[in-house]
Number of protein chains: 2
Amino acid sequence: MTLTRLGSGSMPTVTLDDVARAAGVSRSTASRAINGGRKVSPEAQRAVDDAVAMLGYSPNPAARTLVTRRTGSIALVVPEPDARILSDPFLAGLLRGVSDGLTGTDLQLVLLISRQGERPGRTARYLRGGHVDGAIVASHHEQDHLDDQLADAALPVVFVGRPLSDSGLHYVDADNVAGGAIAARRLLERGCRRIGTVTGPMTMPGGLDRLAGWEQEMTRAGRATDAVTHGDFTVEGGARATVELVEAHPDLDGIFVASDLMALGAMQVLTERGVRVPEDIAVMGYDNLGVAERTTPRLTTVYNPLVEMVAAATATLLDMVDGAPAPAGPQVLSPYLVEGGTA
Amino acid sequence: MTLTRLGSGSMPTVTLDDVARAAGVSRSTASRAINGGRKVSPEAQRAVDDAVAMLGYSPNPAARTLVTRRTGSIALVVPEPDARILSDPFLAGLLRGVSDGLTGTDLQLVLLISRQGERPGRTARYLRGGHVDGAIVASHHEQDHLDDQLADAALPVVFVGRPLSDSGLHYVDADNVAGGAIAARRLLERGCRRIGTVTGPMTMPGGLDRLAGWEQEMTRAGRATDAVTHGDFTVEGGARATVELVEAHPDLDGIFVASDLMALGAMQVLTERGVRVPEDIAVMGYDNLGVAERTTPRLTTVYNPLVEMVAAATATLLDMVDGAPAPAGPQVLSPYLVEGGTA
DNA sequence: TTGTACGCGTTATCAT
DNA sequence: ATGATAACGCGTACAA
């Protein structure tokens with residue numbers, strides 16, 4: 001007897017029943033053999049395995065989900081795709097993190113990118129709708145209230161980066177305050193006499209915290225903290241804020257720029273103006289997520305352990321999905337200095 | 001009567017039956033009201049709407065999928081995460097493309113990143129398993145035989161980039177031959193007397209085609225095409241290949257580097273060696289996917305219309321999912337020159 | 001160890 | 001327009 005493979009015509013969906021019949025056992029036995037394989041005789045097991053191979057059987061995920069209440073997938077939520085998110089190593093870092101965290105599992109990744117102009121609440125509805133077993137939410141903006149919308153959800157959720165409204169949600173974060181301090185310290189130890197900073201958006205925890213850390217360290221060293229301008233985590237924004245900064249404070253000989261992308265912009269405008277980096281002005285960046293490596297000279301920067309954060313978040317999420325209680329406090333990872341030639 | 005919201009306890013899964021009961025109609029009517037709303041009286045519609053809102057009802061996707069045979073999601077397959085894929089604007093471009101193509105739809109995106117060390121065929125099995133309604137496959141390497149594995153599948157699939165084994169699959173591509181020619185032409189018109197090229201991997205269609213285009217144009221202009229070295233689409237590889245190239249051909253005054261990342265490496269080593277760009281040697285890049293914008297001077301390059309390709313692929317896929325036949329031939333988009341200061 | 005029977009939540013068919 | 005009722009494909013108590 002020959003097996004006829006139907007060409008492009010829709011395959012006649014081989015079901016568990018077919019497998020059972022072909023193996024000469026009942027559906028239950030076939031099911032057990034296919035899953036754990038517990039409580040099934042070697043012969044039955046073999047018969048089922050053969051039938052599966054023969055028929056090219058693949059369990060229907062929907063049916064399985066319907067009864068097990070497990071979808072086998074988790075969501076990565078990337079809200080508000082502003083310039084920073086979609087154009088940068090940031091996104092790649094996120095994906096590497098969850099990808100790392102998912103190795104060994106059979107879970108798949110559903111990527112939720114909030115498209116602008118879509119009805120608010122759509123993402124939250126999707127997440128609560130039972131499409132996924134859990135979610136990790138990255139870098140949310142202030143305006144979207146995903147944290148509130150998810151606060152009372154049954155769905156396991158882990159945030160990457162401290163949510164603005166601390167509603168008891170679990171999250172993993174990097175110690176951006178410490179990072180800002182590291183940057184300041186480097187410039188101080190380097191002997192800079194007058195140090196300024198270009199911050200990130202004051203609406204984002206990361207921007208705020210890095211500034212706070214810088215101020216702390218500067219103050220501790222008895223330095224002024226008045227040379228501050230604000231950027232938006234983009235190259236152009238960094239360039240603009242740097243021009244502002246140096247024009248307002250011509251005596252600067254060291255700048256902490258709160259992201260590598262902005263630092264890139266800073267280096268460009270400084271170079272254009274004939275300012276030598278680091279001889280005239282030392283520049284510290286932040287992130288080390290693929291940009292700092294590519295400047296000349298290589299940017300001295302602070303590593304923002306994004307991949308590790310996301311991997312940790314994923315690991316935690318997996319535990320929660322498996323029924324483990326959410327960890328008591330947040331996990332906080334430490335940034336560290338990455339040597340370069342600009343500070 | 002007050003609605004009691006259960007706190008963290010797992011919500012008692014409100015089903016369509018509950019809605020129907022609360023609305024005083026049958027399940028069928030409730031279902032119709034919730035979906036198209038066809039053949040349902042205004043009163044019934046209102047009653048159902050109210051009940052839905054009241055109960056916070058959300059249809060069970062698994063149950064729905066089970067009967068409709070639609071999952072409401074498509075997969076983006078990113079095989080073989082080598083250096084190029086995960087660390088670069090390439091991935092961001094892919095995601096922007098599908099994201100663009102998905103606007104207006106209720107489809108979600110499942111990201112399939114082949115993790116190395118996983119059983120081969122896993123991805124193909126997943127795709128054939130009915131988890132998604134369709135798939136777009138990007139930038140596959142030679143070694144994974146996803147194209148073969150998917151050739152006879154019932155699942156709608158669109159490739160981004162020409163598959164190596166042309167098995168009648170549908171794909172959308174960029175005209176890399178034309179792109180290579182554009183790069184060559186620019187260098188020729190600029191007055192370069194001796195032109196070389198750093199290619200991409202000779203195992204990838206893009207690498208091969210860009211070289212072919214360059215050779216075509218050079219030959220047409222009566223120039224030699226012997227100054228060729230091979231890179232791997234990475235910064236380091238580009239730097240290495242460039243050194244090789246200029247050492248073997250000291251008379252070069254123009255180089256076409258087949259990717260911006262490699263061009264970045266090229267500019268770095270050239271600068272280190274005291275070679276001025278573009279005065280001594282003009283440099284043409286390729287891609288314009290986020291790297292060229294950030295070099296100083298800005299790289300002159302050829303735009304590889306990745307986002308448009310993926311968006312087109314997604315659009316085609318959506319049609320196919322909706323039952324439309326696969327287009328006859330491949331869609332091919334055209335690259336174009338992007339001005340910069342290096343050539 | 002194996003099989004029987006039921007339930008998961010929805011949509012689709014077909015009378016009414 | 002509405003309402004029974006039958007699938008959809010699978011896991012799993014429970015009984016044997």
Side-chain angles (χ1 to χ4, degrees), chain A residues 10-49 51-52 55-73 106 125-126 128-133 154, chain B residues 10-49 51-52 55-73 106 128-133 154:
Chain A
S10 54
M11 224 79 104
T13 58
V14 32
T15 93
L16 188 55
D17 268 315
D18 303 328
V19 173
R21 207 163 319 155
V25 300
S26 79
R27 263 222 322 278
S28 339
T29 308
S31 177
R32 283 185 284 251
I34 287 172
N35 303 344
R38 229 55 198 133
K39 303 206 177 197
V40 44
S41 67
E43 313 113 49
Q45 181 72 49
R46 270 217 39 184
V48 172
D49 288 347
V52 165
L55 274 48
Y57 169 74
S58 171
N60 182 316
R64 190 174 255 181
T65 296
L66 188 55
V67 50
T68 62
R69 301 184 164 286
R70 283 276 190 118
T71 67
S73 62
D106 258 338
R125 246 194 320 280
Y126 181 86
R128 312 182 73 129
H131 290 93
V132 294
D133 297 335
Chain B
S10 54
M11 224 79 101
T13 58
V14 32
T15 91
L16 187 56
D17 268 314
D18 301 329
V19 173
R21 206 165 320 156
V25 299
S26 78
R27 261 218 321 276
S28 321
T29 308
S31 178
R32 283 185 285 251
I34 286 172
N35 303 343
R38 228 59 200 130
K39 304 205 176 198
V40 44
S41 68
E43 313 112 50
Q45 181 72 49
R46 271 217 37 187
V48 172
D49 288 346
V52 166
L55 273 49
Y57 169 74
S58 172
N60 182 317
R64 190 174 257 183
T65 295
L66 188 54
V67 49
T68 62
R69 301 183 164 286
R70 283 276 191 117
T71 67
S73 61
D106 258 339
R128 312 181 73 128
H131 295 258
V132 293
D133 296 335

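Worth knowing before you read on, the calculation uses all heavy atoms, side chains too, and leaves out hydrogens, waters and symmetry mates. Lettering of chains follows the sequences in order, A, B, ..., and the numbering in each one begins at 1.
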Nearest-neighbour nucleotide for the S26(A) side chain, dT4(C), dG11(D), dC10(D) considered: dT4(C)
task: Could you check how far CZ of R69(B) sits from C1' of dC8(D), rounded to whole Å?
output: 6 Å
message: Using a heavy-atom cut-off of 4.0 Å across all strands, would you classify S28(A) as base, sugar-phosphate, or nothing?
response: base
query: Given atom CZ of R38(B) and atom P of dT11(C), what is their separation to the nearest angstrom?
result: 17 Å
field: Of the listed nucleotides dT2(D), dC10(D), dT10(C), the one nearest the side chain of T29(B)
entry: dT2(D)
task: Using a heavy-atom cut-off of under 4.0 Å over every strand shown, decide if A44(A) touches base, sugar-phosphate, or nothing.
output: sugar-phosphate
task: Give the minimum heavy-atom separation between L55(A) and A22(A), together with the two atoms involved.
output: CD2-CB, 4.3 Å
query: Separation of R70(B) atom CZ from dT10(C) atom P, in whole Å?
result: 19 Å
- prompt: Would one find a side-chain N or O of N60(A) under 4.0 angstrom from OP1 or OP2 of dC8(D)?
  reply: no
task: Would you kindly give the CG-to-C1' distance between L16(B) and dT11(C), to the nearest whole Å?
output: 9 Å
- request: May I ask you to test the V19(A)-V48(A) pair for a side-chain heavy-atom distance under 4.5 Å?
  value: yes
query: Can you tell me how far P of dA16(D) sits from NZ of K39(A), to the nearest Å?
result: 16 Å
- request: Kindly indicate whether the side chain of T65(A), heavy atoms from C-beta on, has any atom under 4.5 Å from the side chain of T65(B).
  value: no
task: Give the rounded distance in Å between these two atoms: CZ of R64(A) and C1' of dG9(C).
output: 18 Å
- prompt: Roughly, in whole Å, what's the span from CD1 in I34(B) to C1' in dG9(C)?
  reply: 11 Å
Side chain to side chain, R32(A) and V25(A), heavy atoms closer than 4.5 Å: no
message: For R27(A), is there any backbone N or O sitting under 3.5 Å from a side-chain donor or acceptor partner on S31(A)?
response: no
- prompt: Base, sugar-phosphate, or nothing for R27(A), non-hydrogen atoms under 4.0 angstrom?
  reply: base
- prompt: OP1 or OP2 of dC8(D) sitting under 4.0 Å from any side-chain N/O of T65(B)?
  reply: no
query: Counting any heavy atom closer than 4.0 Å, what does T15(A) reach on the DNA or RNA strands: base, sugar-phosphate only, or nothing?
result: sugar-phosphate
query: Phosphate oxygens OP1/OP2 of dT1(C): is one of them under 4.0 Å from a side-chain N or O of S41(A)?
result: no
- prompt: Quick one: L66(B) CG to dT11(C) C1', roughly how many Å, whole number?
  reply: 10 Å
